[in-house]
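Ligands are counted one by one from 1 in listed order, and the atoms in each one are counted from 1 as well. All values derive from a computational prediction rather than experimental measurement. Along the sequence shown, the residues carry numbers beginning at 1.
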Amino acid sequence: MATPLKVCVTGAAGQIAYSLLYQIGHGDVFGKEQPLILTLLDITPMMNALHGVVMELHDCAMTLVKEIVPTDSEEEAFRDIDVAFLVGSMPRREGMLRKDLLTANAKIFRSQGLSLDKFAKKTVKVVVVGNPANTNAMICSHFAPSIPKENFTALTRLDHNRAKAQIATRIGVRSDAVKNVVIWGNHSSTQFPDVSHATVEVEGKTLPVYEAVKDDAWIEGDFITVSGGNRRHSGVVF
Ligand SMILES: NC(=O)C1=CN([C@@H]2O[C@H](COP(=O)(O)OP(=O)(O)OC[C@H]3O[C@@H](n4cnc5c(N)ncnc54)[C@H](O)[C@@H]3O)[C@@H](O)[C@H]2O)C=CC1
Ligand SMILES: O=C([O-])CC(=O)C(=O)O
């Protein structure tokens, strides 16, 4: 069997990690033949909850998972890791914008960048999930200068998928019929989904999205409010 991949998930006692950890452990991310060592980082007050998550992972008896290390130490979580999913961050409370979190998150991602630089493998791949993911990724990479910049990715696929799904639902096609949607800007109220170059396949014909939707006011109004910015911000999700 292959050498285990050492994978760290931060914010491991939180909601996103709760579903992500199962998918990683089940082989959906790194393949069904790849054994794993999971290091799970959260803050000290969350250690009890994190131990509960570990018990649940043990209950799943996932054959690929060779070891699980719950910890509140960045050094222990990041030492010699191959991959990091940086999910943990300060959650937004009702009435706050993403930018209100920047100070708190800048501290977290500065500290984690410094620790990755010091303890992780130089080949580590880092996926930043905690929002605003692109800003957090930039901060983290800045403080980890010995790790190549291209090893850092911000997970903005959510915004892209959301825009595609809005268009697909409006036209009544599958979301994979919608192509070339572009997302500009930060994951906040200033984020802008751009369909000016997007196309959609309808009944075997490829059409520009504007032509297929036939409702410019919707594309320039509600589509942007729901797809752009974010749902927690626009009051749909809290
Ligand atoms: N990029 C994307 O597509 C998505 C991003 N998100 C973002 O993911 C993040 C997590 O969301 P949820 O799990 O719902 O939040 P949550 O509040 O349930 O969990 C966050 C966890 O992070 C932990 N945490 C806080 N500071 C930490 C630190 N310094 N080190 C390690 N852990 C720390 C908290 O204690 C908590 O357990 C949020 O920023 C959310 O906005 C959520 C969904 C999609
Ligand atoms: O970060 C999250 O919780 C996801 C998010 O902003 C959204 O659903 O727009």
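Close approach of ligand 1 to G14 is summarised as follows: ligand atoms under 4.0 Å from at least one heavy atom of the residue are 13 (O), 18 (O), 19 (O), 37 (O). Listed by number with element, the atoms of ligand 1 under 4.0 Å from a non-hydrogen atom of V87 are 8 (O), 9 (C), 10 (C). Of all atoms in ligand 1, listed by their number and element, those nearer than 4.0 Å to a heavy atom of G11 are 21 (C), 22 (O), 23 (C), 31 (C), 32 (N). Listed by number with element, the atoms of ligand 1 under 4.0 Å from a non-hydrogen atom of A13 are 37 (O). Atoms of ligand 1 found under 4.0 Å from any heavy atom of M46 (numbered from 1 in listed order, with element): 35 (O), 37 (O). Close approach to G130 involves these atoms of ligand 1, each under 4.0 Å from a residue heavy atom: 7 (C), 8 (O), 9 (C), 39 (O).
Defined by atom type and a distance below 3.5 Å, a donor-acceptor pair is missing between the side-chain atoms of K6 and T39.
Of the candidates I16, T44, N105, it is I16 that places a heavy atom closest to atom 13 (O) of ligand 1.
Residue V213 is grouped with residue V200 when hydrophobic side chains (ILVMFWY) are merged at heavy-atom distances under 4.5 angstrom, including chains of intermediate members.
Side-chain atoms of K164 do not come within 3.5 Å of backbone N or O of N180 as any donor-acceptor pair. A donor-acceptor contact shorter than 3.5 Å links the side chain of S115 to the backbone of S111. Here the side chain of H51 pairs a donor or acceptor atom with the backbone of M47 at under 3.5 angstrom.
Remark: K214 engages no residue in a side-chain contact (heavy atoms from CB on, under 4.5 Å) (not counting sequence neighbours).
Residue L155 places at least one N or O, backbone or side chain, under 3.5 Å from an N or O of ligand 1. Ligand 1 has no N or O atom lying under 3.5 Å from any N or O atom of T10, backbone or side chain. For ligand 1, the polar-atom distance check finds an N/O of V129 within less than 3.5 Å of one of the ligand's N/O atoms.
Of all the heavy atoms of Q112, the ones lying under 4.0 Å from any atom of ligand 1 belong exclusively to the side chain. At a heavy-atom distance under 4.0 Å, only side-chain atoms of I108, from C-beta outward, approach ligand 1. With a 4.0 Å cut-off on non-hydrogen atoms, Q15 touches ligand 1 through its backbone as well as its side chain.
Test P145, S141, C140 against D117 for side-chain contact (heavy atoms from CB on, under 4.5 Å) and you get one pass: P145.
Using cut-offs of 30° and 60° for the angle between ring planes, the F223 and W218 rings count as tilted.
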| task | List the steps, then state whether side-chain hydrogen bond (donor to acceptor under 3.5 Å, both in side chains) holds for E56 with Y22. | result | CA-CA 10 Å; E56 297 216 13; Y22 177 79; over 6 Å; no

